[in-house]
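Step one of this worksheet: look at the structure below.
In listed order, ligands and their atoms are each counted from 1.
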Amino acid sequence: MALVFTTTLLSFLLLVSSLGYLANAKTHNHDFVVQQTNIKRLCKTHNSITVNGQFPGPTLEVNNGDTLVIHVVNKARYNVTIHWHGVRQITTGWADGPEFITQCPIRPGGSYTYRFTISGQEGTLWWHAHSSWLRATVYGAIVIHPKLGDSYPFPKPKRDSVIALGEWWDANPIDVIREATRTGAAPNVSDAYTINGQPGDLYSCSSKDTVIVPIDSGETNLIRVINAALNQQLFFTIANHKLTVVGADASYVKPFTTSVLMLGPGQTTDVLIKADQAPGRYYIAARAYASAQGAPFDNTTTTAILEYKTATCTAAKCATSKPIMPPLPAYNDTATATAFTTSFRSPRKVMVPTEIDDSLFITAGLGINQCPPKTRARNCQGPNGTRFTASMNNVSFVLPSNFSLLQAHQQRVPGVFTTDFPAKPPVKFDYTGNVSQSLWQPSRGTKVYKLKYGARVQIVLQGTNIFTAENHPIHLHGYDFYILAEGFGNFNPKTDTAKFNLVDPPLRNTVSLPVKGWAVIRFVADNPGAWIMHCHLDVHIGWGLAMVFLVDNGIGPMQTLEKPPPDLPVC
Ligand SMILES: *[C@@H]1O[C@H](CO)[C@@H](O)[C@H](O)[C@H]1NC(C)=O
Ligand SMILES: *[C@@H]1O[C@H](CO)[C@@H](O)[C@H](O)[C@H]1NC(C)=O
Ligand SMILES: *[C@@H]1O[C@H](CO)[C@@H](O)[C@H](O)[C@H]1NC(C)=O
Ligand SMILES: *[C@@H]1O[C@H](CO)[C@@H](O)[C@H](O)[C@H]1NC(C)=O
Ligand SMILES: *[C@@H]1O[C@H](CO)[C@@H](O)[C@H](O)[C@H]1NC(C)=O
Ligand SMILES: *[C@@H]1O[C@H](CO)[C@@H](O)[C@H](O)[C@H]1NC(C)=O
Ligand SMILES: *[C@@H]1O[C@H](CO)[C@@H](O)[C@H](O)[C@H]1NC(C)=O
Ligand SMILES: *[C@@H]1O[C@H](CO)[C@@H](O)[C@H](O)[C@H]1NC(C)=O
Ligand SMILES: [Cu+2]
């Protein structure tokens, strides 16, 4: 009797509290009009693609638990889709956004409404176009505050600022990628990096628009850093100020203090900054972490200004002073990048899957395709008359063109993909040694790896030295994963398994795969759908550095992919 009473009371209390929670959760409606907009940067005006004429696009500000309904209208001349980077999209896979994976593109003149709920995520995420190179100008922040009534796991910051790092071409980015696709060569590198869309004082015609980040003496502020650059890992620092990292990819982390951050494209890092310096102006700066030896990269530096708004620091005294410039690590400073990426821990002990159902070993790296005889030389401008490519487990991923993978999966359309993505490399070799050129040419395919609902998955990601080794920011859609360990050289199960952090590993959606190294991640496949895992350098995804997990439905509506929305774009 007593037990029955207790459980009834308990479920009543649970019902009341979940109703209370539902009452607090809000639905935010937004219209995103993708359109051409004149934007002047580096002394020249370009007709760029933006959302609502804004660059960067609008910031979406929500509380954990809220629902977003975003009506996207495509008034531009390109196909477009929007991806909500890092949002788990549990059972709402149709709203994830990568073109030809979860939907066909929204064609010029078309529209699509994305509906999804933010659940259990707090911190900073972002949204961006997931079609060709449109995300160069089509991106914005997603700021997720704690649920109403909940607090941050640190004292409430006085101010909250977003810093989105971007990459600017003094050209149409779509022309840049189309030219590279035609020639087979690497695409032109960018001409500037940007902070909230502005290159800053070190570039021509830019100083008058340099972004100012306000701070007042004594206060502690939250800065949400997003790497929205297309193709470049970036170091980030603020002159004379320590940064206390408190979150990444919309999960809190055990706080640690550093003077420099390194973010791969796709990653976010939330930091607290205390105004404990003499009132004045301090540069916020970012420039490349370029891990590939000898490859060209944009070696410029973007800046914004951290400006004290103190009474004693009036316009006359401070606002005209030259900001202090911080030192930045050398472009190839892998030691600093590694010291940073290995400092992350979850705030407390977490439930890491210990038994594994699907154990994968996936190589990730570049390749080159020999040009078949009779191919025109102008289409073979890669190294020594080849074309650049890239692969995972020697499969260079090819996007379908007549169905999205999720549609093909759901409607059982044959001939769109095969389910034979290999769980291990087809050939074992010294991945980080001097790789024989006979192994440099991957095969092509639209191959997926099937997972049962609830499967516990481990992936050893292994970088290769094929053509050139480099750091790859590997991003998984639909999931956050624990990063158990990372290291250099070839992963060795005999010695490296002992290094796994099974206690408090960080939870991320993008892992920085070390140059000539490996990383191990684990997740539970508790979200049905078609989820792409890819390098977040757009130049590499275009070359095929991607694969897709197809995750089955489980039991009941909470474990089943919703029906496709009626306005889902079809090919
Ligand atoms: C790429 O760079 C080359 C060399 O500077 C230039 O001639 C070409 O026009 C650029 N391509 C695009 C699409 O901007
Ligand atoms: C950037 O690279 C160019 C050549 O591409 C070189 O002339 C210049 O000195 C480099 N700048 C820096 C700051 O390294
Ligand atoms: C980094 O680059 C400098 C020259 O710019 C070179 O002397 C040094 O050996 C490089 N370090 C590494 C680790 O590649
Ligand atoms: C290109 O050719 C040169 C000379 O034959 C050779 O030394 C080099 O290894 C080749 N590079 C590639 C990427 O094939
Ligand atoms: C979709 O495209 C693939 C590859 O071009 C082709 O093999 C398949 O038959 C097409 N499927 C349908 C239903 O048109
Ligand atoms: C890599 O192997 C090739 C072919 O075996 C050889 O020609 C080359 O010298 C080697 N390079 C290095 C750096 O060992
Ligand atoms: C990849 O597959 C191609 C084609 O089958 C083969 O020539 C090449 O050696 C393979 N490379 C690796 C690294 O497995
Ligand atoms: C735009 O998307 C459609 C499918 O919806 C596709 O057939 C077409 O090739 C795409 N256009 C470009 C330029 O990619
Ligand atoms: Cu990559």
N/O of S401 under 3.5 Å from N/O of ligand 8, yes or no?
no
Is any N or O atom of R178, backbone or side chain, closer than 3.5 Å to an N or O atom of ligand 8?
no
With sequence neighbours excluded, give me every side chain to side chain donor-acceptor pair (under 3.5 Å) pair touching residues 361-377.
T363-N393
Can you pull out every salt bridge (Lys or Arg N to Asp or Glu O under 4.0 Å) where at least one residue sits in residues 534-551? Sequence neighbours excluded, please.
R135-D538
Taking only heavy atoms of the protein into account, state which residues are under 4.0 angstrom from an atom of ligand 6, in chain and number order.
N434
Are the ring centres of F361 and Y431 closer than 6.0 Å?
yes
Answer yes or no for R287 and Y193: cation-pi contact, defined as NZ/CZ to six-membered ring centre under 6.0 Å and angle to ring axis within 45°.
no
State the atoms of ligand 7, each with its element, that fall below the 4.0 Å cut-off from a heavy-atom position in V427.
14 (O)
Just checking K447: does its NZ atom have more than 12 heavy atoms from other residues, nucleotides or ligands closer to it than 6.0 angstrom?
yes
Taking 4.0 angstrom as the limit and counting only heavy atoms of F429, give me the atoms of ligand 7 inside it, by number and element.
13 (C)
With sequence neighbours excluded, residues passing side chain to side chain donor-acceptor pair (under 3.5 Å) with T91:
none
Ionic contact status for D175 with R178, cut-off 4.0 Å:
no
Salt-bridge criterion met for D357 and R456 (N-O under 4.0 Å):
yes
